[in-house]
Structure formats: structure tokens, C-alpha cells
K.L.:
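Dropping a structure here in C-alpha cells format, bear with me for questions.
The chain is numbered in sequence order, starting from 1.
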Amino acid sequence: ALAFSTVSDDQVKVTDEEIIAYMKKNPKKFKSHNTRSVEYVLVEKMVTARELEISTYEFEGKIEASVPGEINCPSAFYSYDEKYDPNSKTTTEVVAPNLSTEVVELMRGYAIKTFKALKLRHQSRIDFFYTDKGEIYLNEINTFPGATPISMFPKMMENNGHSYLKIISKKKKKNIL
């Protein structure tokens, strides 16, 4: 089965044959924020997996990647509300437990390759899914990762031995002068 979500965080499981029928039956779900029709829809295989993320950033001319952190969401879908609701049951771990050194290094390598291949600059949070079968899927690339008290990016960077505030200050000074 495939699954997809909309802006409203609805999640619908469908077979390959049902996708077009669903889209025709629910055209309002496929409008962009500015009310124009969406020309393309990305359909992804639904996987049951751990959600892992890696802080990937430039430091002294080198691309660095932290060890994976983990989001543990009790619901099946990590929605906006689940992330920011003060009563959320979701937890985060700066270092994802129970990953072999081989998997950690493989994921860090994928994060760096992704950063380079997409010609990213400064910093990005690169998220992966990791299945029970050992499959690794690139999930999302956030090119402007958060810096709030709950944000994982600065915490993972600090855990990797680099001060988020010092790096941001250096970049700020360099770009101003």
C-alpha cells in the first residue's frame, strides 16, 4: 500500500490503482496554498521505520555530519501539531540508540553525499527512515533547520563537538564584513 498526506495531515492508504481515482474524487485536497491546482503529486512507498535525522554543516572548510538523532512519535504520523503541541508525547534523542557503527557511518556518509550532490551550503538537517529490515531511505532535507529550544539540529551539532552559536556568529561576521 502507498500513503500520502496533505496540508491537513490526513493520511490515506491506497493501492496504486486507487491514486488517480482518489485525486479525482478529492480535488480540493490537491490545491496549493495559493489556490492554483497542483501539477505534480509525489507518491511515496509507505514504510514503517524509525525517523532519524543528521545535522550536516560546513565547518572550517569541511562538511561535517553528526551521528543520527531520533524522533519517537507515538502516533503513526509526525504532524505539525505533534511537533509543536506543548502536550505532545513525542520525544527526541540527540543520539539514536541501538544503531550499529556501520549503520551510523553509512548514514553520515549518505548525509554528506546528499549535501554535496545538492550543492547545499552552510547547514542542513538531513532526515532518513531506517526500517527493521535495515533499509535506509532519504526522507527530507531541511535547508533552514530550526534553532528553537526543541530543535534537534543545534543539539546534534553540539554533540558532534561544534558550538552552534559560535558557527552562526562566525558566518554572520564573515557575511557582514
Side-chain angles (χ1 to χ4, degrees), residues 1-16 19 40-59 62-85 87-164 167:
L2 297 173
F4 57 92
S5 62
T6 65
V7 172
S8 64
D9 292 336
D10 293 336
Q11 199 174 51
V12 181
K13 291 183 182 179
V14 293
T15 63
D16 294 351
I19 294 171
Y40 301 96
V41 175
L42 175 65
V43 178
E44 300 173 311
K45 176 182 175 181
M46 183 171 178
V47 295
T48 302
R50 295 168 65 180
E51 189 166 343
L52 306 171
E53 48 189 53
I54 296 176
S55 291
T56 312
Y57 54 94
E58 295 173 331
F59 180 75
K62 184 179 173 199
I63 298 170
E64 298 282 344
S66 70
V67 297
E70 184 164 15
I71 297 169
N72 297 300
C73 182
S75 62
F77 186 71
Y78 188 42
S79 68
Y80 178 88
D81 290 336
E82 186 65 37
K83 184 173 185 176
Y84 293 107
D85 184 338
N87 298 316
S88 172
K89 303 293 185 230
T90 296
T91 61
T92 57
E93 298 183 59
V94 175
V95 177
N98 304 315
L99 292 176
S100 70
T101 303
E102 180 183 3
V103 168
V104 167
E105 291 308 312
L106 192 60
M107 291 180 81
R108 290 176 75 204
Y110 289 157
I112 291 170
K113 284 180 185 178
T114 300
F115 194 94
K116 288 178 179 178
L118 296 177
K119 298 180 173 39
L120 301 175
R121 294 180 55 224
H122 307 300
Q123 61 187 33
S124 291
R125 194 193 70 234
I126 301 178
D127 301 352
F128 296 92
F129 289 133
Y130 182 63
T131 70
D132 288 343
K133 295 178 183 177
E135 300 164 309
I136 300 170
Y137 293 96
L138 176 63
N139 172 34
E140 174 185 10
I141 300 162
N142 185 330
T143 58
F144 199 76
T148 68
I150 66 166
S151 298
M152 291 283 285
F153 186 89
K155 294 176 185 178
M156 292 186 299
M157 199 173 177
E158 295 277 343
N159 188 63
N160 203 42
H162 299 116
S163 168
Y164 178 75
I167 290 174

K.L.:
Minimum heavy-atom separation for Gly146 and Ser151, please, with both atom names.
P.N.:
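Closest heavy-atom pair between Gly146 and Ser151: C-OG, 3.2 Å.
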K.L.:
Could you state the interatomic distance from CD1 (Ile167) to CE (Met157), rounded to the nearest 0.5 Å?
P.N.:
3.0 Å
K.L.:
Keeping Asp85 on the side-chain end and Asn87 on the backbone end, is there a donor-acceptor pair under 3.5 Å?
P.N.:
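At least one qualifying donor-acceptor pair exists.
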K.L.:
Output the distance between atom CG (Asn139) and atom CD1 (Ile126), rounded to the nearest 0.5 Å.
P.N.:
11.5 Å
K.L.:
Taking 4.0 angstrom as the limit, do Arg108 and Glu105 come out as a salt bridge?
P.N.:
yes
K.L.:
Donor-acceptor pair, Ser55 side chain versus Phe153 backbone, under 3.5 Å?
P.N.:
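Such a contact is found between Ser55 side chain and Phe153 backbone.
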K.L.:
With a 3.5 Å distance limit and no angle check, can you tell me whether Glu58 reaches the backbone of His122 through a side-chain donor-acceptor pair?
P.N.:
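Here the side-chain-to-backbone pair exists.
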K.L.:
Which heavy atom of Thr56 sits nearest a heavy atom of Ala111, and at what distance?
P.N.:
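Looks like OG1-CB, 3.5 Å.
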K.L.:
Distance check, rounded to the nearest 0.5 Å: Asn160 atom CG versus Met156 atom CE?
P.N.:
9.5 Å
K.L.:
Out of curiosity, Thr114 OG1 to Leu138 CG, how far, rounded to the nearest 0.5 Å?
P.N.:
5.0 Å
K.L.:
With a 4.5 Å heavy-atom cut-off, do Lys155 and Ser66 have their side chains touching?
P.N.:
no
K.L.:
Does a side-chain heavy-atom distance below 4.5 Å link Val67 with Asn159?
P.N.:
yes
K.L.:
CD1/Ile141 to CG/Leu118 distance, rounded to the nearest 0.5 angstrom?
P.N.:
4.5 Å
K.L.:
So, do Met152 and Glu70 sit near enough that their side-chain heavy atoms are less than 4.5 Å apart?
P.N.:
no
K.L.:
Between Glu158 and Ser163, is any pair of side-chain heavy atoms under 4.5 Å apart?
P.N.:
yes
K.L.:
State, with a plain yes or no, whether a side-chain heavy atom of Ile71 is found less than 4.5 Å away from one of Thr90.
P.N.:
yes
K.L.:
Let's go through Ile54 and Phe128 carefully: what are the C-alpha distance in whole Å and the side-chain angles of both, what is the deciding distance for side-chain contact (heavy atoms from CB on, under 4.5 Å) to 0.1 Å, and is it a yes or a no?
P.N.:
CA-CA 8 Å; Ile54 296 176; Phe128 296 92; 3.8 Å; yes
K.L.:
Take Glu53 and Glu140, measure what side-chain contact (heavy atoms from CB on, under 4.5 Å) needs, and give me the verdict at the end.
P.N.:
CA-CA 9 Å; Glu53 48 189 53; Glu140 174 185 10; over 6 Å; no
K.L.:
If every non-hydrogen atom of Tyr164 is compared with every non-hydrogen atom of Ala147, which pair is closest and at what distance?
P.N.:
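For Tyr164 versus Ala147, the nearest heavy atoms are OH-CB, 3.4 Å.
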K.L.:
Report the C-alpha separation of Thr143 and Leu120 in whole Å, then their side-chain angles, then the decisive distance to 0.1 Å, and conclude whether the side-chain contact (heavy atoms from CB on, under 4.5 Å) test is met.
P.N.:
CA-CA 8 Å; Thr143 58; Leu120 301 175; 3.8 Å; yes
K.L.:
As an exercise, state the distance from CZ of Phe59 to CD of Gln123, rounded to the nearest 0.5 Å.
P.N.:
13.5 Å
K.L.:
Is there a side-chain contact between Leu99 and Tyr130, using heavy atoms and a 4.5 Å cut-off?
P.N.:
yes
K.L.:
Is any side-chain heavy atom of Tyr137 less than 4.5 Å from a side-chain heavy atom of Thr131?
P.N.:
yes
K.L.:
Could you go through the side-chain contact (heavy atoms from CB on, under 4.5 Å) check for Phe129 and Glu51 one step at a time?
P.N.:
CA-CA 5 Å; Phe129 289 133; Glu51 189 166 343; 4.2 Å; yes
K.L.:
Give me the ring orientation class for His162 and Tyr57: parallel if the planes are under 30° apart, tilted from 30 to 60°, perpendicular past 60°.
P.N.:
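Correct class here is perpendicular.
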